[in-house]
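Values below: every heavy atom of this structure, side chains too, minus hydrogens, waters and symmetry copies. Numbered from 1 within each chain, the chains take letters A, B, ... in sequence-line order. Worth saying up front: this structure is predicted, and the values here are computed from it rather than measured.
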Amino acid sequence: MPIDSPIVKLSGVSKHFSGTRALEGVDFSCRSGTIHGILGENGAGKSTLIKILSGVLQPDAGTIEVSGEAVRFSNPDQAAVSGIVCIFQELSLVPDLSVADNISIAAPPRTRFGLIDKRAQNRRAEELLARIKCEDVDPNSLVRELSLSRRQMVEIAKALGKDPKVLILDEATSALTSRDVETVYGLLAELRAAGVASLFISHRMHEIDKLCDMLSVFRNGQHIETFAKGAHSEGEIVKLMIGREVTAHYPPKPAPVPKPAYLTIDKLAWEGQLKGIDLRIGKGEIVGLGGLDGQGQKELLLGLFGVLRGLQGEVAILDNPCRPGSPAEAKSAAMRIALVPEDRKTEGLMLAMSIADNLLAASYDRVSDGPFINQDKARQAVSEGIAKLQIKVASPDDIVSTLSGGNQQKVVIAKWLMTDPDVILLNDPTRGIDVGTKQEIYKLIRELADRGKTILLYSSDYAELIGCCDRVAVMYDGEIVAKLSGGAITEEAIVAASLNVGTQSSLPAAGARHG
Amino acid sequence: PEIVSGPGVDPACFAPWNADTKYMQWPTKAGPYKVAVVNGFVGNGWRIQMIKTAKAFAEDPAMKDKIAEFKVVSTGTDAPAQLGAIEDFINQGYDAIVTIAVSPDGFDRVIRLADKNNVVLVPFDNVLDTDKVMQVNEDQLKMGRMWAQFALDELKAKGVTSGKILEVRGLPGNSVDRDRSIGINETFKADGGNWEMVSVVGNWDDGTTQKVVADAIAVHGQFDAVVGQGGSNGVIQALMDAGHPWVPVAGESENGYRKAIAKYSDEGLKGISIGQSPGLVAIAMKAAVSALEGNVMPQLISVPLPVATYKDLEDGKNYWSDLPDNFFTVNEFPPCGVNISGPSIMAQSEADVK
Amino acid sequence: MADKRSALATNMRQNVAFYSAIAMLVALYLVYNMLHPRGFSAAVLIQNSNESVAIVFLAMAQTVPVLLGGLDLSVGAIMTLANCIASEVVNGSPLQIVLGMIITLATGTAFGLVNGLIVVYGRLQPIIATLATGAVAVGLALFIRPVPGGNVDDDISWALTNDLYEFVDTYGLFDADAGWFQTISWIPVPLLIVVMIAFGVWLPFKRTVTGRTIYAIGSAEGAAYMSGLPIDRAKIAAFTLAGFFAACGGLYLAIQTSSGNADITQAGAYTLNSIAAVVVGGTSLLGGVGGAIGSLVGALILRVISFYFRIVSIDPLLQPLVEGLVLLVAVSLGAFRTLRVKNQLNLFR
Amino acid sequence: MAFDIPSLKTEDKPMVIASAFILVILSIGTVYTLSTQGSAPLLSPGYLLQQLQTGSFLGIVAAGMMVVILLGHIDLSVAWTMTAAAMMATTVGGEWAIPTGIAVGAAVGLVNGFGVAYLRVPSMIFTLGVDSVLRGLMVAHTGGFAPQDSATPLMRTLASDRFLGIPSAIFVWLAVSVVIAVMLKRTAFGREIYVTGNREVAAYLSGIRTRRVILGSFVVSGICAALAGVMLAGYSARAYQGMGNPFLLPAIAAVVIGGTRILGGQGRYIGTLIGVILIVLLNSVLSIMQMPEAGRQVIYGSVIISMLLVYGRGNKVHS
Ligand SMILES: Nc1ncnc2c1ncn2[C@@H]1O[C@H](COP(=O)(O)OP(=O)(O)OP(=O)(O)O)[C@@H](O)[C@H]1O
Ligand SMILES: Nc1ncnc2c1ncn2[C@@H]1O[C@H](COP(=O)(O)OP(=O)(O)OP(=O)(O)O)[C@@H](O)[C@H]1O
Ligand SMILES: [Mg+2]
Ligand SMILES: [Mg+2]
């Protein structure tokens with residue numbers, strides 16, 4: 001095979017879903033030994049493209065060639081046989097099976113009797129995990145017991161184990177810690193040297209920028225352009241993606257004025273995962289929560305929202321103690337707290353219900369007269385919610401799962417805004433959301449702050465913390481190790497604090513490569 | 001046990017089924033005895049009344065001294081559990097085990113073990129299709145025939161010689177249901193009149209019976225007689241609700257049914273009530289003890305059918321107008337010294353017992 | 001070594017429910033034997049084994065679909081069907097008997113296969129599909145055996161419901177009084193059958209890709225699909241295996257009672273008890289966690305509880321109440337875990 | 001309708017198919033009666049009204065069952081809830097009879113709801129346990145001194161009298177239906193049932209008190225079962241052991257045939273109504289045709305399977 005003939009080649013591929021045109025006459029190819037970034041806003045068709053490539057979906061029209069031979073995959077297994085391996089966001093790990101089981105799930109090593117050889121499986125898992133520097137993961141532990149970032153690494157190990165010729169990562173790094181991201185970068189470089197083609201989908205520009213040799217931009221189900229890195233500036237790429245000019249990424253921050261505390265957190269502790277958190281957030285202030293994944297940020301948000309039992313310490317709104325026992329209490333008139341949860345598909349939405357039902361789910365008391373729902377009020381509330389966030393819906397009665405990722409996220413946010421909260425807790429609200437939508441959400445967050453809301457924002461993307469927040473608290477091992485504000489919020493400062501450099505003498509092994 | 005020749009002890013109480021019935025004798029054991037009742041299903045009125053009768057009879061002066069230990073367990077409709085319980089009591093060294101079989105077959109193993117250990121096993125009510133154990137029952141085939149004959153006689157008295165008869169069957173697959181139905185149908189067939197039999201399945205359950213009878217009336221309009229195996233309260237209720245004219249009815253021995261017969265017989269509800277008595281348990285217990293005492297026993301003991309027709313119902317004697325509908329009126333068997341009446345154990349309060 | 005120990009610890013932690021079920025069973029059974037006048041004897045063990053075989057098989061049958069995240073409401077009915085078929089065909093010459101057994105097991109297995117095909121290709125929820133096919137199975141059983149009865153070969157009935165000694169003796173396999181045989185001649189044959197099928201069929205099956213796929217589906221069906229696992233095959237296999245285990249139960253029931261009985265109530269009771277046994281044995285009704293061996297233990301626990309009514313004196317009319325309360329408590333034991341949960345999101349799985 | 005469950009088309013399918021099937025059953029029954037006795041009683045108002053009357057008990061149980069199934073749970077205790085409510089009602093007697101029966105149902109619902117929502121025991125198994133406890137209680141209840149078992153006049157009136165020529169039981173069923181339908185469609189509680197049934201964790205994080213929703217739904221189911229039990233006692237003029245047993249499986253079947261998703265979250269009340277009528281007529285026609293039990297079971301199972309197969313086309317299980 002000549003080195004510069006494409007390993008994968010799609011010609012005229014189209015895919016329609018009842019009414020939606022997900023892909024239209026797409027020609028796309030990529031070559032061995034490259035890292036190929038795929039860009040596009042939500043709903044551009046990226047996932048559909050790679051689902052077709054990896055056999056999850058079948059195209060309505062068009063042909064696929066692998067190494068010059070026409071192929072047709074009717075399931076992911078067949079694609080894997082041809083060397084095409086896809087890492088989905090977190091979809092393909094089985095939580096109740098062990099790490100080793102998961103890594104060798106479809107084609108395990110077998111004993112003489114044709115049964116799964118557990119020991120060989122464990123060895124294999126250990127080797128693969130070692131390759132991505134995840135020796136800390138016990139092959140015997142259940143995937144359920146791992147944090148999201150560890151799960152993504154296991155997912156990568158699993159893909160590696162299939163000896164891919166084409167490795168596809170669909171937002172597979174969205175929850176990785178920066179240390180792991182480095183590892184993955186290293187790995188991808190290694191694979192490139194070994195002649196593997198990698199397809200990399202991410203909404204984080206800086207990742208794509210750092211990593212990819214080639215970039216392809218998709219918009220509206222069409223392939224817009226493929227070019228080598230550096231051929232276009234970042235601004236031009238964004239313009240290709242969303243079809244218009246983007247001026248500034250983040251809305252301007254107001255001048256940093258010290259604000260009186262509205263939400264006061266004192267020595268909050270929980271189960272060894274929160275170790276005495278002290279934090280004050282003023283009215284109209286956006287405070288970011290940073291740090292590596294799994295340092296207690298989510299627990300802090302959940303604790304404030306009444307999900308955790310056995311919290312120690314004090315929380316107060318103004319001077320009123322505020323320790324909700326449940327989300328229902330948290331959203332009550334006395335506290336007015338809202339939480340946009342981490343995983344919109346499982347925690348934020350009733351995917352099989354209509355947009356209207358999803359929007360109303362938190363505010364039945366507001367649209368009811370006594371026990372009965374007032375149809376007019378409900379209709380009005382729904383249309384207001386849709387209008388406020390400019391959610392792109394054909395009809396509020398459509399099922400929410402028909403919306404693109406970004407619009408689904410807007411539904412979750414709109415649901416909470418309809419309750420008119422004073423304190424808004426956001427758990428990584430822009431994960432997997434395209435640049436255009438991200439900007440809208442940043443703008444919205446700032447507007448909410450300007451309207452006097454108190455906002456606590458956890459983000460796995462430090463650029464977001466820098467761009468969006470008035471102050472940033474960085475957490476490490478259940479504690480806040482740094483509070484940054486104003487000009488002190490820099491990439492270096494956040495990264496350093498995340499790794500707990502400078503505040504403690506002993507560097508965690510994790511940080512060594514970074515420092 | 002040994003097969004011996006008759007006659008057996010106390011034939012007034014332990015009547016042989018027929019002339020061909022074999023006789024059995026166990027080696028005499030010294031009392032008092034350990035006796036267990038292994039019931040299957042529990043959760044209908046009949047079984048509850050049976051258990052209460054068993055408990056009361058164990059306390060009866062005639063039995064009390066002869067019983068050292070007495071246990072009742074209910075295993076549900078679960079054949080292995082019932083077999084296991086019987087085997088367990090054999091292993092525990094019980095002397096006699098009285099049981100209502102959940103299935104007419106499948107007891108070979110426990111029969112073998114009982115014989116090996118000289119344990120007297122006495123199935124009653126739902127008996128076994130075997131002649132290897134001593135059993136106690138009423139004659140279901142005869143019951144069916146008597147029901148049918150009564151209806152025929154009443155119809156003849158009215159001058160009716162042809163028409164539609166509604167037969168209400170019991171639990172499908174049960175041998176009692178089968179025997180009763182055979183008795184009913186062969187009698188009508190033998191009669192020579194032009195009888196159209198319509199049969200519905202009432203599961204011996206009042207509510208189900210009421211519904212299927214009501215359906216049958218809605219579809220067929222009118223019947224000339226109703227022969228119901230059980231759920232007789234339901235039959236009456238369905239006839240009343242449909243405004244069906246009173247016709248001859250044959251049924252079980254529920255107090256409510258007898259009350260209805262007594263009340264409406266003048267209006268045409270010519271009824272016959274034959275009961276499968278919960279008191280059978282007492283006779284079975286008595287037979288078991290008698291066998292342990294070394295007496296010669298018939299292999300199949302026939303308990304006389306307690307028949308009452310509209311002609312011989314008497315309030316306070318064979319029905320009780322002031323007591324609930326659900327208990328079974330026939331409970332005592334004086335020839336056997338079983339004198340525990342239905343009301344005395346199924347009455348509403350201590351006061352009613354007296 | 002340290003590694004082994006930590007692997008063991010991991011295993012214990014991941015299977016708390018299973019190990020506590022075993023501990024409970026052992027405790028309950030020991031006490032029962034201590035209270036029994038002939039406790040710790042082969043006779044009692046045989047008796048207890050016999051009455052447990054059917055429910056144990058049904059619990060194992062129920063486990064497989066439950067691991068998928070479904071329920072099979074037809075297991076009791078398949079058992080009944082197999083029971084009725086066996087009552088017709090398990091007799092005659094030894095060869096005919098074996099053939100009859102194979103026919104019985106094959107029919108039950110085939111019925112399970114049909115369940116699987118309906119669930120997979122009809123895209124129906126297992127619980128409701130099997131509710132319906134269960135009715136069909138009972139109907140067929142009633143066709144075959146409108147009234148209870150049948151003639152299962154007496155020898156096989158005696159040989160399989162006793163200890164090994166009687167088994168060897170009945171068929172004159174070798175001198176049953178041989179010295180070497182004494183050490184094992186007391187072992188109840190039913191116990192052996194259950195153990196052989198449980199360990200000989202389930203454990204290997206669990207270690208096939210199909211078996212593992214069943215767990216994967218119950219845990220996260222989407223992930224299983226994305227991982228390229230054979231979803232349809234695993235689902236069909238699960239119901240087929242359920243049919244096989246249920247047929248084993250039905251066959252044994254026929255052998256034990258030398259007869260067949262198309263008892264609808266008994267079929268329903270067995271189905272419900274099988275679910276209870278699965279839960280008590282530590283298998284999650286949500287799927288993905290547990291196993292047939294746990295259900296075997298769960299079924300035995302439920303059975304042993306009922307043994308106590310024969311030992312302890314309880315008013316017979318209070319027994320159903322006590323039984324109900326014990327069942328309620330047994331299935332609520334898992335709730336302690338719930339009450340300890342500190343992050344309420346972990347409650348929703 | 002703004003707040004219907006989406007995708008009306010697939011949701012309407014069960015109603016249409018089930019209704020068509022009801023006509024098929026009636027036609028088959030009529031052909032049978034025409035050929036055997038030359039008349040068509042099945043089409044007479046008398047017969048149909050009577051079917052609705054006996055159907056009303058099942059209908060009321062199924063209404064409660066549906067609420068629980070919408071949550072993705074199930075209530076296996078309805079059989080003995082019915083019995084217990086009826087027996088306690090007649091035991092107490094007088095004007096307190098019906099309130100007592102209903103209170104029993106509510107209490108059972110509370111226990112079920114507590115076990116399922118707070119202890120988080122799977123409903124399949126917890127309600128099974130509650131069912132056997134209730135049975136034990138009733139056996140013990142009769143095992144003391146036999147309680148009074150006659151239905152009170154009011155119970156009789158509700159269940160077996162006629163009003164304007166129509167059995168009053170049908171009015172009760174209708175009233176229950178209106179209450180349940182309005183509750184599901186127009187109240188916050190009703191919508192919260194759907195939301196919780198769709199995805200409990202998302203409902204919880206939306207600030208819905210999902211445990212109370214579950215508890216409340218089991219109470220609704222308990223009350224419906226109790227009401228049906230009390231009515232059934234009125235119809236039979238007495239309460240007796242095991243009277244609820246024939247209602248459990250048909251109630252579940254009716255709900256499912258009516259298009260409610262057994263895993264919760266989707267379903268319309270009207271479907272349950274149609275499902276009940278279908279089941280009642282099917283049973284009645286099979287009984288009229290003197291179908292032996294074996295055939296009856298096979299037909300019953302085949303009907304459910306084939307109807308669901310027809311509805312289910314196109315709902316892929318994956319993803
Ligand atoms: N299963 C489906 N059914 C219907 N429409 C679908 C389906 N999958 C994708 N679509 C539609 O296809 C379009 C492309 O979706 P796709 O998931 O490929 O977008 P994407 O580029 O991956 O977006 P994101 O950045 O949000 O992941 C979307 O508009 C979506 O509405
Ligand atoms: N049943 C459906 N009908 C219509 N569109 C659907 C349907 N299911 C999914 N989609 C579309 O497909 C896309 C979902 O694809 P996918 O599962 O890859 O998620 P995603 O868009 O990548 O989500 P995320 O951005 O969170 O990763 C959504 O954007 C949605 O528009
Ligand atoms: Mg995507
Ligand atoms: Mg996406």
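- With chain B as partner, the option from C:Val147, C:Asn273, C:Ile264 having the largest number of non-hydrogen pairs under 4.5 angstrom is C:Val147.
- B:Asn331 places none of its side-chain heavy atoms less than 4.5 Å from the side chain of B:Ser341.
- Counting only distance, with no hydrogens or angles, the side chain of C:Gln62 and the backbone of C:Val75 share no donor-acceptor pair below 3.5 Å.
- C:Gln256 and C:Glu51 are not linked by any side-chain donor-acceptor pair at a separation below 3.5 angstrom, with hydrogens and angles left out of the test.
- Top candidate by heavy-atom pairs under 4.5 Å with chain C, chosen from B:Thr77, B:Asp129, B:Asp88, is B:Asp88.
- Only the side chain of C:Tyr270 has a heavy atom closer than 4.5 Å to any heavy atom of chain B.
- Checking side-chain atoms of C:Glu166 against main-chain N and O of C:Leu164 turns up no donor-acceptor pair under 3.5 Å.
- Using a 4.5 Å cut-off between heavy atoms, C:Arg145 makes no contact with chain B at all.
- Heavy atoms closer than 4.5 Å to chain C are found in the side chain of B:Asp108, but not in its backbone.
- With respect to chain B, the highest number of heavy-atom pairs below 4.5 Å among C:Ile311, C:Ile314, C:Leu142 belongs to C:Ile311.
- No other option in C:Asn162, C:Asp154, C:Val53 has as many heavy-atom pairs under 4.5 Å with chain B as C:Asn162.
- Looking at B:Phe41 and B:Asp78, their side chains never come closer than 4.5 Å, going by heavy atoms from C-beta outward.
- The residues B:Arg145 and B:Glu186 are annotated as salt-bridged, a charged nitrogen and a carboxylate oxygen being separated by less than 4.0 angstrom.
- With a 4.5 angstrom heavy-atom cutoff, C:Gln319 touches chain B only via side-chain atoms.
- Only the side chain of B:Arg112 comes within contact range of chain C, with at least one heavy atom under 4.5 Å from a heavy atom of that chain.
- You'll find the side chain of C:Val304 reaches within 4.5 Å of the side chain of C:Phe307, heavy atoms only.
- Within the 4.5 angstrom heavy-atom criterion, atoms from both the backbone and the side chain of C:Thr265 approach chain B.
- Contact count versus chain C (heavy atoms, under 4.5 Å) is highest, among B:Pro172, B:Gly93, B:Ala81, B:Ala54, for B:Ala81.
- Residues C:Asn261 and C:Thr257 have side chains that never bring a donor and an acceptor to within less than 3.5 angstrom of each other.
- The contact between C:Ala43 and chain B is made by backbone and side chain atoms together, counting heavy-atom distances below 4.5 Å.
- Residue contact with chain B, scored on non-hydrogen atoms closer than 4.5 Å, is absent for C:Ser157.
- Using a 4.5 Å cut-off between heavy atoms, B:Val73 contacts chain C through both its backbone and its side chain.
- Side-chain atoms of C:Leu105 and C:Cys248, non-hydrogen and from C-beta on, do get closer than 4.5 Å to each other.
- Side-chain N or O atoms of B:Lys29 include one that pairs as donor or acceptor with a backbone N or O of B:Asn118 at under 3.5 Å.
- Put simply, of B:Ser103, B:Ala85, B:Pro104, the one with the most heavy-atom pairs under 4.5 Å next to chain C is B:Ala85.
- The greatest number of non-hydrogen atom pairs below 4.5 Å with chain C, out of B:Val72, B:Asn91, B:Asp105, is found for B:Asn91.
- Counting only heavy atoms from C-beta outward, the side chains of C:Thr161 and C:Val189 never approach each other to under 4.5 Å.
- With a 4.5 angstrom heavy-atom cutoff, C:Pro148 touches chain B via backbone and side-chain atoms both.
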